[in-house]
Amino acid sequence: MTVESRQVQAGSKEALGISMADARSLVSDLTERRQWIYWLDLAACLTVGYTAFLLCPAQNLLSLPAVACIVVAVFAFYRAVLFVHELVHAEDDLRWFSVVWHVLCGIPFLAPKFTFEFHHEHHASRTYGTAEDGEYVTYASEPRWRIIMLPFTALGGPLAFVFRFLVLAPLSWLIPALRPVVLTRASSLMIDADFERPLPPEGTPRSWLVQEFACFAYTSALLVLLLLGFYSPYRLVEAYAVIALALFVNWLRVLVAHRYEGKSERMTFPEQVLDSIDHPSVPVLGSLWAPVGLRFHAVHHFFPQLPYHQLGEARRRLMAAIPPDAGYWSTEDRSLASSLRRLLAHPRKEAL
């Protein structure tokens with residue numbers, strides 16, 4: 001066993017440089033979610049996103065103005081959609097915010113909250129890094145070509161979402177035998193293709209069906225408008241480009257959120273934190289590709305219930321309390337590029 005492994009096993013104080021009791025006391029006053037920040041942030045994202053989308057000259061998508069509009073729309077909508085992460089962590093605090101988010105963002109982008117509610121397993125000690133964690137793959141042991149190709153699967157993402165809600169949803173309502181398969185294998189925003197989502201023992205929540213039907217109704221309405229000539233096919237291509245590019249950026253973010261050096265076995269809490277990565281440098285650029293506080297991913301795994309707007313302050317307090325040579329600071333990386341290089345450079349046995 002390496003020195004680092006022995007430190008991790010020893011506990012939070014030895015592995016991270018601070019005990020959990022001391023860490024919690026540091027951030028005890030940061031748990032309040034400031035609702036006005038959520039509303040203002042979402043309003044700004046959607047205003048910028050929809051304005052850029054509508055101003056885009058869709059009939060000439062390769063022109064400089066079109067490319068500029070698409071880039072702006074991608075990052076604005078990308079940030080708006082990722083509020084789903086906050087909704088899952090604070091369902092009771094953000095009920096009305098959730099309703100508005102679904103109407104203006106979650107349903108139009110076919111990413112309703114129920115598709116991400118399995119995220120809690122990503123923070124549970126009994127499941128993090130195991131086959132029951134749909135957000136973890138041992139990428140550090142995967143062939144490099146698979147990691148390089150992953151972001152490009154975003155090209156099929158928009159079509160997969162439409163197929164899920166326009167085709168699979170009604171089929172699963174009509175064919176009972178198909179329903180469990182759709183719910184367990186095609187209803188999660190997971191990164192592990194082998195993940196099978198467990199269904200609630202009390203049955204499918206009504207909220208799942210409501211959100212699913214809303215997505216079906218939305219895609220059906222768009223199809224009808226397209227066939228009747230009321231929705232431009234150029235706008236459809238533009239929407240495809242925006243969503244595919246947003247998914248591409250998200251895949252890059254996913255690949256650098258963790259070290260992914262686990263062995264598909266349970267990890268201790270310190271191991272979970274040390275397997276996560278913070279990107280505190282270049283805050284403006286970092287907030288584009290890892291928005292809504294996700295560039296502080298190690299801090300988030302340290303304190304999963306903190307609102308996104310407090311993660312920066314939580315990290316500043318940790319900096320003041322944890323010795324500079326402590327294990328926690330191994331979670332920091334300079335940039336997205338440096339994290340990708342480290343992931344690709346990790347020793348592994350290449351598969352054919």
Side-chain angles (χ1 to χ4, degrees), residues 24 27-50 76-124 127 134-135 161 164-165 169 173 182-183 186-190 197-219 221 243 246 250 287 290-294 296-297 299-314:
R24 291 192 186 99
V27 300
S28 60
D29 62 327
L30 300 180
T31 58
E32 181 184 358
R33 297 182 187 277
R34 298 173 183 172
Q35 298 275 341
W36 67 270
I37 294 180
Y38 283 81
W39 288 103
L40 186 61
D41 198 339
L42 180 65
C45 291
L46 294 179
T47 299
V48 171
Y50 280 116
F77 285 138
Y78 175 52
R79 182 179 182 90
V81 170
L82 281 185
F83 270 102
V84 68
H85 181 259
E86 289 290 306
L87 294 179
V88 169
H89 277 287
E91 183 175 3
D92 293 334
D93 296 337
L94 300 171
R95 291 190 179 277
W96 281 110
F97 182 86
S98 178
V99 172
V100 173
W101 177 87
H102 271 97
V103 172
L104 299 178
C105 184
I107 302 304
F109 286 90
L110 305 182
K113 184 169 77 70
F114 88 91
T115 61
F116 197 59
E117 288 177 356
F118 70 100
H119 175 68
H120 292 294
E121 304 304 315
H122 185 55
H123 288 277
T127 52
E135 293 183 78
F161 290 164
R164 162 61 179 88
F165 290 107
W173 300 335
V182 171
L183 291 178
S187 298
S188 306
L189 295 173
M190 75 277 197
R197 181 179 189 174
L199 298 179
E202 64 275 11
T204 307
R206 183 174 63 178
S207 61
W208 290 20
L209 183 59
V210 171
Q211 294 168 32
E212 183 181 41
F213 181 80
C215 289
F216 167 71
Y218 178 81
T219 52
I243 296 173
N250 189 59
S287 294
V292 197
L294 289 173
F296 300 116
H297 209 67
V299 179
H300 172 62
H301 273 265
F302 213 147
F303 311 111
Q305 296 307 317
L306 285 188
Y308 79 98
H309 55 80
Q310 297 287 23
L311 294 178
E313 176 61 24

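No side-chain donor from either of Gln35 and Trp96 sits under 3.5 Å from a side-chain acceptor of the other.
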Would Glu86 and Phe97 count as a side chain to side chain contact (heavy atoms under 4.5 Å, CB included) here? Give the steps.
CA-CA 10 Å; Glu86 289 290 306; Phe97 182 86; over 6 Å; no
Steps toward side chain to side chain contact (heavy atoms under 4.5 Å, CB included) verdict (His300, Leu311)
CA-CA 7 Å; His300 172 62; Leu311 294 178; 4.3 Å; yes
Which is it for Glu313 and Val27 under the side chain to side chain contact (heavy atoms under 4.5 Å, CB included) test, yes or no, and what are the steps along the way?
CA-CA 9 Å; Glu313 176 61 24; Val27 300; over 6 Å; no
Could you go through the side chain to side chain contact (heavy atoms under 4.5 Å, CB included) check for Arg34 and Gln310 one step at a time?
CA-CA 10 Å; Arg34 298 173 183 172; Gln310 297 287 23; 3.7 Å; yes
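Residues Ser188 and Phe118 come closest through the heavy atom pair CB-CE2, 3.6 Å. Of all heavy-atom pairs spanning Phe114 and Ser187, the tightest one is CE1-CB, 3.9 Å. Minimum heavy-atom separation, Tyr78 to Pro291: CE2-CD, 3.5 Å. The shortest non-hydrogen separation linking Leu30 to Leu306 is O-CD2, 3.6 Å. The shortest non-hydrogen separation linking Arg197 to Thr115 is NH1-CA, 3.9 Å. The minimum heavy-atom distance linking Ala90 with Arg33 is given by the pair CB-NE, 3.0 Å.
For the atom pair Phe116 CZ and His89 NE2, the distance stands at 7.0 Å (nearest 0.5 Å). Of the inter-residue distances, the one linking Thr31 atom OG1 with Arg24 atom CZ reads 13.0 Å to the nearest 0.5 angstrom. Interatomic distance, CG of Leu42 versus CD1 of Ile37, reported as 13.5 Å (0.5 Å rounding).
Two residues are said to be in side-chain contact when any heavy atoms from C-beta on lie closer than 4.5 Å; Val292 and His85 fail this criterion. The shortest distance between side-chain heavy atoms of Leu209 and Trp173 falls below 4.5 Å.
With His119 as the partner, the side chain to side chain donor-acceptor pair (under 3.5 Å) test is satisfied by one option alone out of His123, Glu117, Glu121: His123.
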For residues 99-112, please give each side-chain donor-acceptor pair under 3.5 Å, one per line with the distance, not counting sequence neighbours.
residue : atom : partner : partner atom : Å
Trp101  : NE1  : Ala80   : O            : 2.8
His102  : ND1  : Ser98   : O            : 2.9
His102  : ND1  : Ser98   : OG           : 3.4
His102  : NE2  : Lys113  : N            : 3.0

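Note: Phe83 and Tyr38 have tilted aromatic rings, judged against thresholds of 30 and 60 degrees for the angle between ring planes.
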